[in-house]
Student: 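Before anything else, here's the structure in question.
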Amino acid sequence: MENYENKLSELKEKESYRSIKNIEKRISKYIIVEDKKMLNLSSNDYLNISTNKDLISEFIEKYKNNDEFLFSSASARLLTGNSKSYNLLENDFCKLFSKEAALLFNTGYQCNQGVVSTLFSKGDCIFSDKLNHASIISGLKLSQAEHFRYKHNDYDNLEKILKEKRDNYNNAIIISESVFSMDGDISDIKKLVELKKKYNCLLMIDEAHAFGVFGDHLAGYSDEINLLNEIDIITVTLGKSLASMGAICLSSKTIIDYLINKASSFIFSTVIPPVNILWTRFLLEEKFDYLINQKEKLNSLFNKVHKIYPTISSSQIIPIIIKDAHKTKQLAKHLQNKGFYVLPINPPTVPSGTSRLRVSLTADIDYNEIEKLFTEIKNATFLAKQ
Ligand code: PLP
């Protein structure tokens, strides 16, 4: 036991210790922590749907007598956990993303880990952006395929590795997020498509932070730039913009069929409850115009921020890089005292020496609230350096 205590002390010394916060309430763009109401700038509820009581009441009223209004599936999909809505949800996603087939996973983590570890085995290789999410990295580690991590969004570096390594393997895949979760920058999907064709690879894009935020069909950044058809595997999580739970992998019928047969994180896990699937479908099918409206509000907000602060970010996620972990914590605390709920992000979540505040914008936030935050940050830099 002492060993673990020492390890925890080390984490505390490195400012990398994590603890679960007591959150009292989330109300749209606000959060209440320790009796203090703050603007929530740390949420992935990008469209501000998750606490919308009108939508929740309408949903309950309409679906409370539905056969699938159940809080447990009590089983995995391949046993007795399946019902009509799950298949309909997958069809909805095929339409949205113009893909042949789709498969629901319980979380984005299980989805990425399952897809990456299952599809590639001995003799194959994976080329993965260095800043890809932990779930992709976990998939790389579980997979028996060789993997190479290229420098973040550096396609010269990727091509150099592809040139050297690609021919030594059978199947190969390039994997990138579209909007990066901790940096808010966007991968050059057009360039990735060019490279995947040139070096005969598949291309997988994780649209976790772009689904609901970009694209005419809300189908992420590949949709925004009309490249959905060129991407072989797309993953999206439903717990962020869509204020629900679960994740979807979209691909060809063959790949989805293979995942159904081989992906452990799909096969051996009780599927999320039917009521949750009804809720996701209610939002997508019956509230699509509302989602689009919220998406447009969010786009206007971050476009305005980008126009005034051009180098700050390319999306709704704004990293304020402080570098030093202790100062980052100090600044976060200071901003919380001023009514802005921003959280420090420290290693190992981000590379060492890049500690930051991760500000995420949501649809109902006003521009002047962000201007006030930036003023506080400017004024507090000196404070943080003491
Ligand atoms: N992919 C990315 C890029 C993420 O940021 C996350 C979650 O933070 C996930 C996948 C995992 O999604 P979920 O929270 O549904 O497990």
Side-chain angles (χ1 to χ4, degrees), residues 46-47 89-103 108 111-112 115 127 129 132-133 136 152-155 158-159 162 173-181 183-238 240-242 247-256 283-285 288-304 306-307 313-317 361 363:
Y46 297 125
L47 304 184
L89 179 75
E90 287 164 347
N91 286 342
D92 290 343
F93 271 87
C94 287
K95 274 189 226 137
L96 270 188
F97 284 77
S98 309
K99 289 283 168 211
E100 223 176 58
L103 184 63
C111 177
N112 281 338
V115 170
F127 302 91
D129 188 291
N132 276 341
H133 189 255
I136 296 172
H152 175 55
N153 277 352
D154 182 338
Y155 304 111
L158 170 59
E159 182 154 19
L162 282 165
I173 189 162
I174 301 170
I175 307 178
S176 178
E177 295 178 28
S178 55
V179 172
F180 279 84
S181 56
D183 291 72
D185 54 349
I186 299 176
S187 55
D188 185 345
I189 295 177
K190 207 166 155 214
K191 182 73 189 172
L192 288 170
V193 168
E194 188 190 308
L195 288 174
K196 80 131 193 174
K197 286 184 176 165
K198 188 164 166 191
Y199 292 92
N200 185 27
C201 301
L202 297 176
L203 176 60
M204 169 171 159
I205 301 289
D206 176 354
E207 294 274 9
H209 294 272
F211 172 57
V213 177
F214 291 99
D216 289 347
H217 310 88
L218 303 176
Y221 205 77
S222 314
D223 180 22
E224 178 93 7
I225 55 173
N226 292 320
L227 282 179
L228 280 172
N229 288 340
E230 301 282 4
I231 322 289
D232 304 285
I233 301 170
I234 296 177
T235 58
V236 291
T237 166
L238 313 181
K240 302 189 193 295
S241 290
L242 205 53
I248 303 274
C249 173
L250 294 126
S251 191
S252 64
K253 275 198 178 120
T254 309
I255 287 204
I256 295 299
L283 292 172
L284 276 181
E285 291 276 306
F288 195 76
D289 290 347
Y290 177 72
L291 303 189
I292 291 279
N293 191 41
Q294 290 297 92
K295 173 215 146 188
E296 278 166 8
K297 269 168 62 185
L298 176 59
N299 276 239
S300 328
L301 173 67
F302 66 67
N303 285 333
K304 186 162 180 186
H306 299 164
K307 206 165 163 197
S313 160
S314 311
S315 68
Q316 78 281 15
I317 299 166
L361 304 179

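It should be emphasised that the depicted structure is a prediction, and the values quoted were computed from it without experimental measurement.
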Student: Before giving the answer on side chain to side chain contact (heavy atoms under 4.5 Å, CB included), spell out for Asp185 and Asn153 the whole-Å C-alpha distance, their side-chain angles and the decisive distance to 0.1 Å.
Tutor: CA-CA 9 Å; Asp185 54 349; Asn153 277 352; 3.5 Å; yes
Student: Check the pair Tyr199 / Glu159 against side chain to side chain donor-acceptor pair (under 3.5 Å), numbers first and verdict last.
Tutor: CA-CA 9 Å; Tyr199 292 92; Glu159 182 154 19; 2.6 Å; yes
Student: Using modelled atom types and a 3.5 Å cut-off, is there a donor and acceptor pairing between side-chain atoms of Ser187 and backbone atoms of Glu177?
Tutor: yes
Student: Should Ser98 and Asn229 count as side-chain neighbours, where that means a heavy-atom distance under 4.5 Å?
Tutor: yes
Student: For the pair Asp206 (side chain) and Val236 (backbone), establish whether a donor and an acceptor sit closer than 3.5 Å, ignoring hydrogens and angles.
Tutor: no
Student: Of all the heavy-atom pairs spanning Asp216 and Asp223, show the shortest one and how long it is.
Tutor: N-OD2, 3.3 Å
Student: Hey, is the main chain of Leu202 close enough, under 3.5 Å, to the side chain of Asp232 for a donor-acceptor pair?
Tutor: no
Student: Indicate yes or no for a side-chain donor-acceptor contact from Glu207 to the backbone of Ser222 under 3.5 Å, with no hydrogens or angles considered.
Tutor: yes
Student: With Met204 as reference, evaluate Leu192, Asn112, Ile174 under the side-chain contact (heavy atoms from CB on, under 4.5 Å) test and give the passing residue.
Tutor: Asn112
Student: Considering all heavy atoms of both residues, which atom of Ile205 and which atom of Ser178 are nearest to each other, and what is their separation?
Tutor: CG2-CB, 3.8 Å
Student: Return the CG to SG distance between Leu195 and Cys201, rounded to the nearest 0.5 Å.
Tutor: 8.5 Å
Student: Tell me whether Gln316 contacts the main-chain N or O of Asn299 through its side chain, where contact means a donor paired with an acceptor under 3.5 Å.
Tutor: no
Student: Between Ala208 and Thr237, what is the shortest heavy-atom contact and its length?
Tutor: CB-CG2, 3.4 Å
Student: Heavy atoms only: give me the nearest Ala219-Phe97 pair and the separation to one decimal.
Tutor: O-CE2, 3.3 Å
Student: Does the side chain of Ile189 reach to within under 4.5 Å of the side chain of Ile231, using non-hydrogen atoms?
Tutor: yes
Student: Under 4.0 Å between a side-chain nitrogen and a carboxylate oxygen: does that hold for Lys197 and Glu230?
Tutor: yes
Student: Write down the atom of Leu250, the atom of Ala102, and the distance for their closest heavy-atom approach.
Tutor: CD2-CB, 3.8 Å
Student: With the side chain counted from C-beta on, respond yes when Ile175 and Asp129 share a heavy-atom pair under 4.5 Å apart, and no when they do not.
Tutor: no
Student: Flag the pair Ile173 / Leu203 as yes when at least one side-chain heavy-atom distance between them is below 4.5 Å, and no otherwise.
Tutor: no
Student: What orientation do Phe214 and Tyr221 show, parallel under 30°, tilted 30 to 60°, or perpendicular over 60°?
Tutor: perpendicular
Student: Among Leu284, Leu47, Leu218, which residue meets the side-chain contact (heavy atoms from CB on, under 4.5 Å) test with Leu242?
Tutor: Leu284
Student: Backbone N or O of Phe211 within a donor-acceptor pair of the Lys240 side chain at under 3.5 Å?
Tutor: no
Student: Between Ile186 and Ser314, what is the shortest heavy-atom contact and its length?
Tutor: CD1-O, 3.4 Å
Student: Report yes if some heavy atom in the side chain of Ile317 is under 4.5 Å from a heavy atom in the side chain of Phe180; otherwise report no.
Tutor: no
Student: Do Gln294 and Tyr290 make a side-chain contact, defined as non-hydrogen atoms from C-beta onward lying under 4.5 Å apart?
Tutor: yes
Student: Just so I know, are the side chains of Ser313 and His306 near enough to count as touching, which here means a heavy-atom distance under 4.5 Å?
Tutor: yes
Student: Within the 4.5 Å heavy-atom criterion, are Asp188 and Tyr155 side-chain neighbours or not?
Tutor: yes
